[in-house]
Amino acid sequence: MKIIIINGPNLNLLGKREPDIYGDTTFETFFDSLQNKYPNITLHYYQSNVEGELINKIQEVGFDYDGIILNAAAYTHTSVGIGDAVKAITTPVIEVHISNTFARETFRHQSFISPNAKGIIIGFGLKSYELALQSFL
């Protein structure tokens with residue numbers, strides 16, 4: 001099984017950025033622990049702060065992988081293009097958010113990804129990614 005985690009803007013700052021919301025663990029440390037816990041799954045990771053690069057990656061893997069775990073971060077609420085990319089591919093996508101977006105600013109309640117995602121996991125910290133991974137098993 002081949003799964004990719006795709007993270008959007010500012011998630012490269014996990015462990016440093018607003019630890020009260022996002023925790024104090026870097027994503028790389030968390031990703032290493034996922035790889036160790038699920039050795040029979042080929043896990044890949046991609047992060048970009050650039051909307052077009054995220055769309056390119058979704059299109060690149062969206063017909064060959066068994067699953068995509070997507071945290072488009074702020075682009076979730078603004079990018080019709082990312083939503084359209086998710087709709088255009090055949091690989092199932094689980095939308096993930098570390099924080100409970102519905103407990104935050106009103107603009108974070110809108111998602112252009114959700115209508116085209118297989119499912120959504122919101123608000124369980126980094127554990128949200130593992131829950132998404134388990135949904136593919």
Side-chain angles (χ1 to χ4, degrees):
M1 179 170 279
K2 192 162 59 169
I3 305 289
I4 187 167
I5 296 171
I6 300 176
N7 274 345
N10 300 310
L11 291 171
N12 56 307
L13 297 177
L14 288 177
K16 299 176 189 171
R17 172 189 179 206
E18 301 174 274
D20 53 316
I21 295 174
Y22 299 105
D24 58 4
T25 302
T26 66
F27 196 82
E28 291 74 15
T29 299
F30 173 72
F31 185 73
D32 288 344
S33 72
L34 270 185
Q35 287 181 306
N36 290 331
K37 190 169 183 178
Y38 298 92
N40 296 327
I41 299 173
T42 303
L43 283 173
H44 295 272
Y45 171 56
Y46 180 80
Q47 188 278 328
S48 178
N49 293 318
V50 180
E51 181 179 15
E53 291 176 1
L54 294 168
I55 292 169
N56 287 343
K57 181 56 77 173
I58 291 166
Q59 291 178 357
E60 175 188 324
V61 302
F63 298 93
D64 300 323
Y65 278 58
D66 298 301
I68 297 172
I69 299 168
L70 175 61
N71 184 344
Y75 288 138
T76 300
H77 321 293
T78 63
S79 179
V80 173
I82 291 175
D84 285 349
V86 170
K87 185 176 182 178
I89 62 172
T90 57
T91 298
V93 174
I94 302 295
E95 178 183 346
V96 165
H97 296 284
I98 296 168
S99 67
N100 178 353
T101 56
F102 292 98
R104 300 182 65 192
E105 304 91 342
T106 304
F107 75 87
R108 294 186 195 274
H109 301 180
Q110 164 72 32
S111 171
F112 287 101
I113 296 163
S114 296
N116 303 305
K118 175 184 175 188
I120 306 158
I121 300 172
I122 296 174
F124 293 96
L126 292 175
K127 183 79 171 168
S128 296
Y129 292 93
E130 186 174 357
L131 293 169
L133 180 61
Q134 289 173 355
S135 77
F136 290 115
L137 302 181

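The shown structure was predicted, so the numbers you read here are calculated from the model rather than taken from an experiment.
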Q: Count the heavy atoms belonging to other residues, nucleotides or ligands that lie under 6.0 Å from CZ of Phe136, then report whether that count exceeds 12.
A: yes
Q: Establish whether Phe27 and Ile6 are linked, either directly or via other cluster members, by ILVMFWY side-chain heavy-atom contacts under 4.5 Å.
A: no
Q.
With clusters defined by side-chain heavy atoms of hydrophobic residues (ILVMFWY) lying less than 4.5 Å apart, directly or transitively, does Phe30 cluster with Ile41?
A. yes
Q) Should Val93 and Ile3 be counted in the same cluster of Ile, Leu, Val, Met, Phe, Trp and Tyr side chains packed under 4.5 Å apart? A) no
Q) What is the distance from atom CG of Asn36 to atom CG of Leu34, rounded to the nearest 0.5 Å? A) 9.0 Å
Q) With sequence neighbours left out, which residue pairs that include part of residues 34-49 fulfil the salt bridge (Lys or Arg N to Asp or Glu O under 4.0 Å) condition? A) Lys37-Glu130
Q. Closest approach of Ser135 and Ala132, non-hydrogen atoms and distance?
A. OG-O, 2.6 Å
**Q.** With His97 via side-chain hydrogen bond (donor to acceptor under 3.5 Å, both in side chains) - residues at least two apart
**A.** Glu95
Q) Which atom names give the shortest non-hydrogen contact between Gly123 and Ser128, and what distance separates them? A) N-OG, 4.0 Å
Q. Do Leu43 and Leu11 share a hydrophobic cluster (ILVMFWY, side-chain heavy atoms under 4.5 Å, transitive)?
A. yes
Q. Which atom names give the shortest non-hydrogen contact between Arg17 and Pro9, and what distance separates them?
A. NH1-O, 4.5 Å
Q. Should Ile89 and Ile120 be regarded as members of a common hydrophobic cluster, given that ILVMFWY residues are connected when their side-chain heavy atoms come within less than 4.5 Å of each other, either directly or indirectly?
A. no
Q: State, to 0.1 Å, how close Ile55 and Ala85 come at their nearest heavy-atom pair, and which atoms those are.
A: CG2-CB, 4.1 Å
Q. Which atom names give the shortest non-hydrogen contact between Ser111 and Pro115, and what distance separates them?
A. O-CD, 3.6 Å
(Q) I need the full list of salt bridge (Lys or Arg N to Asp or Glu O under 4.0 Å) pairs touching residues 77-89, with sequence neighbours left out, sorted by first then second residue. (A) none
(Q) To the nearest 0.5 Å, what is the distance between CZ on Phe112 and OG1 on Thr76? (A) 10.5 Å
Q: Taking the side chain as every heavy atom from C-beta outward, state whether Ile82 and Ile113 have any atom pair closer than 4.5 Å.
A: yes
Q: Can you measure from CD1 (Ile98) to CZ (Phe124) and round to the nearest 0.5 angstrom?
A: 13.5 Å
Q.
So, using side-chain hydrogen bond (donor to acceptor under 3.5 Å, both in side chains) as the criterion, who are the partners of Thr29 when residues are at least two apart?
A. Thr26
Q. About how many Å separate CG of Asn49 and CG of Leu13, when rounded to the nearest 0.5 Å?
A. 7.5 Å
Q.
To the closest 0.5 Å, what do you measure between CD (Glu28) and CG (Leu14)?
A. 8.0 Å
Let me check something: any side-chain donor-acceptor pairs from residues 61-74 under 3.5 Å, sequence neighbours excluded? List them with distances.
{"unit_1": "Asp66", "atom_1": "OD2", "unit_2": "Lys2", "atom_2": "N", "d": "2.7"}
{"unit_1": "Asn71", "atom_1": "OD1", "unit_2": "Ala73", "atom_2": "N", "d": "2.9"}
{"unit_1": "Asn71", "atom_1": "ND2", "unit_2": "Tyr129", "atom_2": "OH", "d": "3.0"}

Q. From Leu133 CG over to Tyr38 OH, what is the distance, rounded to the nearest 0.5 angstrom?
A. 5.5 Å
Q: Only pairs at least two apart or in different chains count here, so list each salt bridge (Lys or Arg N to Asp or Glu O under 4.0 Å) that has a residue in residues 42-62.
A: Lys57-Glu60
